[in-house]
Protein chains: 2
Amino acid sequence: MKIGELTKITKLSSHTLRYYERIGLLPRAHRSSSGHRIYDEATLTWLEFLGRLKATDMSIKEMQLYAKMRQNGPSTELERQKLLEHHRLKVRIKLAEIKTSLSVLDCKIDTYAESIKQKGKTNGRSNHK
Amino acid sequence: MKIGELTKITKLSSHTLRYYERIGLLPRAHRSSSGHRIYDEATLTWLEFLGRLKATDMSIKEMQLYAKMRQNGPSTELERQKLLEHHRLKVRIKLAEIKTSLSVLDCKIDTYAESIKQKGKTNGRSNHK
DNA sequence: CTACAAGTTAGAGTTCACTCTAAGTCAATA
DNA sequence: TATTGACTTAGAGTGAACTCTAACTTGTAG
């Protein structure tokens, strides 16, 4: 498939896709006779996985490292596993942090709800005319 | 308390604390006779809450809006509640996304574990000498 | 009294992750 | 044949959130 089709599937701009290739997140795509990039299914699968890493806030630098190891074949599998385990740990910590913050948010919202309800009551009494 | 003490408690640099004041995330701190900033408990509490917003990836722009409403007193409580509810929704979505990605990560790590175990077996057989 | 650590300001610099521009090529349609 | 639109490249520009610099003043320990 051509770059335009891939932008539709991945919601990444063609600029971004070319940028990813430039910095080594994507392997150099095959070119058509006219020099246009031709992508295959494997690239799509890889982009989907990159999306997961991005969704969990992995930095481009770390993704580049992972991508490079992947290019270097099966001998890097143990390293790759370790990189992902390390990342997973950070994500778990972040997840716990978000959960805590979310309950603080819940609490704050409840406080506002209480306060606003209270104001309503007061206004009700004082605005009787 | 002075800025140095606050940096130790909040783990934010004095640069950042002054930056926050400059952009309106923190109200202008009282100054000592010599012009040094003097912070009170309320500022610390507010910084802790800002930390929760930051931990859930609220942008500085949105925090500025919230901070401004806060400065404008109780009449903005309903607006503030709505802002937080809107933010909470985004956080919940992000949380779900992270959970999904985390299980993809688990799966990938398992795949590596399997593959490496398999390699171990093969080597064990072929390296019997 | 002298160091020196900690504070002040305005404003410049950095990093990240894109995002866009300019100038050009190529493929398909009216 | 002319135009339209998708593609190519190298490289410049952007916005977010800090982070640091320079030049200066102030507070405290020896």
Side-chain angles (χ1 to χ4, degrees), chain A residues 1-40 43 46-68 87 90 94 97 101, chain B residues 1-40 43-44 46-68 87 90-91 94 97 101:
Chain A
M1 81 192 78
K2 281 177 291 175
I3 203 166
E5 206 176 334
L6 196 56
T7 62
K8 270 159 213 156
I9 303 172
T10 61
K11 313 287 181 189
L12 296 169
S13 74
S14 55
H15 293 295
T16 301
L17 288 168
R18 284 188 288 255
Y19 165 68
Y20 279 2
E21 180 175 316
R22 208 161 65 224
I23 66 171
L25 277 192
L26 289 179
R28 186 175 160 80
H30 295 128
R31 307 299 160 113
S32 69
S33 57
S34 52
H36 293 191
R37 286 169 181 79
I38 304 295
Y39 297 100
D40 56 13
T43 307
W46 170 234
L47 274 170
E48 273 161 10
F49 187 67
L50 277 184
R52 296 299 181 184
L53 298 182
K54 201 182 143 195
T56 51
D57 294 315
M58 183 183 281
S59 71
I60 291 249
K61 230 173 208 165
E62 212 167 351
M63 289 191 223
Q64 282 174 308
L65 179 60
Y66 183 75
K68 200 179 169 184
H87 180 62
K90 286 197 297 179
K94 174 77 175 172
E97 208 174 281
S101 297
Chain B
M1 83 192 77
K2 282 176 291 174
I3 202 165
E5 207 176 333
L6 196 57
T7 62
K8 269 159 214 155
I9 302 171
T10 61
K11 312 288 181 188
L12 296 168
S13 74
S14 54
H15 293 296
T16 301
L17 288 169
R18 283 188 287 253
Y19 165 68
Y20 279 3
E21 181 175 316
R22 207 161 67 223
I23 66 170
L25 277 193
L26 289 179
R28 184 177 162 78
H30 294 130
R31 307 301 159 110
S32 69
S33 57
S34 51
H36 292 192
R37 284 169 182 81
I38 303 296
Y39 296 100
D40 55 14
T43 308
L44 186 53
W46 171 235
L47 274 170
E48 273 160 11
F49 187 67
L50 277 184
R52 296 300 180 183
L53 298 181
K54 201 181 145 197
T56 51
D57 294 314
M58 184 184 279
S59 71
I60 290 248
K61 232 173 205 166
E62 212 167 350
M63 289 192 224
Q64 282 175 308
L65 180 60
Y66 184 74
K68 200 179 169 184
H87 180 62
K90 287 197 296 180
V91 176
K94 175 78 176 170
E97 209 174 280
S101 296

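Chain naming here is simple, since letters A, B, ... match the order of the sequence lines and numbering starts at 1 in each. Here the structure is a predicted model, which is why all the values come from computation and not from measurement.
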> Could you go through R37(B) and H30(B), starting from their C-alpha distance and side-chain angles, then the distance that decides it, and tell me whether this counts as side chain to side chain contact (heavy atoms under 4.5 Å, CB included)?
CA-CA 6 Å; R37(B) 284 169 182 81; H30(B) 294 130; over 6 Å; no
> State the CG-CD1 distance between L17(A) and I3(A), to the nearest 0.5 angstrom.
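Between L17(A) CG and I3(A) CD1, I get 5.0 Å after rounding to 0.5 Å.
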> Run the side-chain contact (heavy atoms from CB on, under 4.5 Å) test against K11(A) and tell me which residues pass, sequence neighbours left out.
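Per chain and number, K11(A) pairs via side-chain contact (heavy atoms from CB on, under 4.5 Å) with no residue.
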> Quick check on contacts: within residues 6-18 of chain B, what sits under 4.0 Å from DNA chain D by heavy-atom distance?
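Per residue number, the list reads H15(B), T16(B).
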> Carefully, step by step, assess Q64(A) and L25(A) under the rule side chain to side chain contact (heavy atoms under 4.5 Å, CB included).
CA-CA 5 Å; Q64(A) 282 174 308; L25(A) 277 192; 4.0 Å; yes
> Mind calculating the distance between CD (E21(B)) and P (dG7(C)) to the nearest angstrom?
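Atom CD in E21(B) sits about 14 Å away from atom P in dG7(C).
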> Considering all heavy atoms of both residues, which atom of A29(B) and which atom of E21(B) are nearest to each other, and what is their separation?
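Heavy atoms of A29(B) and E21(B) come nearest at N-OE1, 3.5 Å.
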> Quick one, I9(B) and L47(B) - any side-chain contact, counting heavy atoms below 4.5 Å?
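No, side chains not in contact.
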> Taking DNA chain C as the partner, which of residues 51-63 of chain A come within under 4.0 angstrom of it by heavy atom?
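Within this stretch, K54(A), S59(A), I60(A), K61(A) sit under 4.0 Å of the strand.
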> Can you tell me how far CZ of R22(B) sits from OG1 of T16(B), rounded to the nearest 0.5 angstrom?
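Here the rounded value is 10.0 Å.
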> Looking at K94(A), K90(A), H87(A), which hits side-chain hydrogen bond (donor to acceptor under 3.5 Å, both in side chains) with T56(A)?
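Exactly one option meets the side-chain hydrogen bond (donor to acceptor under 3.5 Å, both in side chains) with T56(A), and it is H87(A).
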> Less than 4.5 Å apart, side chain to side chain, heavy atoms only: is that true for L26(B) and W46(B)?
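Counting from C-beta outward, L26(B) and W46(B) do come under 4.5 Å.
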> Does the side chain of L53(B) reach to within under 4.5 Å of the side chain of E62(B), using non-hydrogen atoms?
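In short, these two side chains do not touch, never coming nearer than 4.5 Å.
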> Decide if atom NZ of K2(B) counts as having more than 12 heavy atoms of other residues, nucleotides or ligands within a radius under 6.0 Å.
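Counting neighbours around NZ of K2(B), 12 or fewer heavy atoms of other residues, nucleotides or ligands fall under 6.0 Å, so no.
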> Could you give the start and end, 5' to 3', of the contact zone on DNA chain D for chain B, using atoms under 4.0 Å from its heavy atoms?
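Counting from the 5' end, contacts occupy dA16(D) to dG27(D).
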> So, for M63(A) and L50(A), which heavy atoms are closest and what is the spacing to 0.1 Å?
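Heavy-atom minimum between the residues: SD-CD2, 3.8 Å.
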> Would you name the heavy atoms of G24(B) and A67(B) that are closest together and state the gap between them?
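So the minimum-distance heavy-atom pair works out to O-CB, 3.6 Å.
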> Rounding to an integer number of Å, can you tell me how far R22(B) CZ sits from dA12(C) C1'?
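That distance rounds to 11 Å.
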> Going by heavy atoms closer than 4.0 Å, what residues in residues 25-34 of chain A are next to DNA chain D?
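DNA chain D contact set from residues 25-34 of chain A: R31(A).
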> Roughly, in whole Å, what's the span from CD1 in I38(A) to C1' in dA27(C)?
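Interatomic distance, CD1 of I38(A) to C1' of dA27(C): 13 Å.
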> Given side chain to side chain contact (heavy atoms under 4.5 Å, CB included), test I60(A) with Y20(A) step by step and report yes or no.
CA-CA 9 Å; I60(A) 291 249; Y20(A) 279 2; 4.1 Å; yes
> Reading DNA chain D from 5' onward, which residue's closest nucleotide shows up sooner: K2(B) or Y19(B)?
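First, find each residue's nearest nucleotide; the 5'-ward one identifies Y19(B).
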> If an axis is fit to five pairs at each end of the helix from dC1(C)-dG30(D) to dA30(C)-dT1(D), what is the angle between the two, to the nearest 10°?
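So the angle between the two local helix axes works out to 10°.
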> Could you grab the distance from atom CG of D40(B) to atom OG1 of T43(B), nearest 0.5 Å is fine?
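Those atoms lie 4.0 Å apart.
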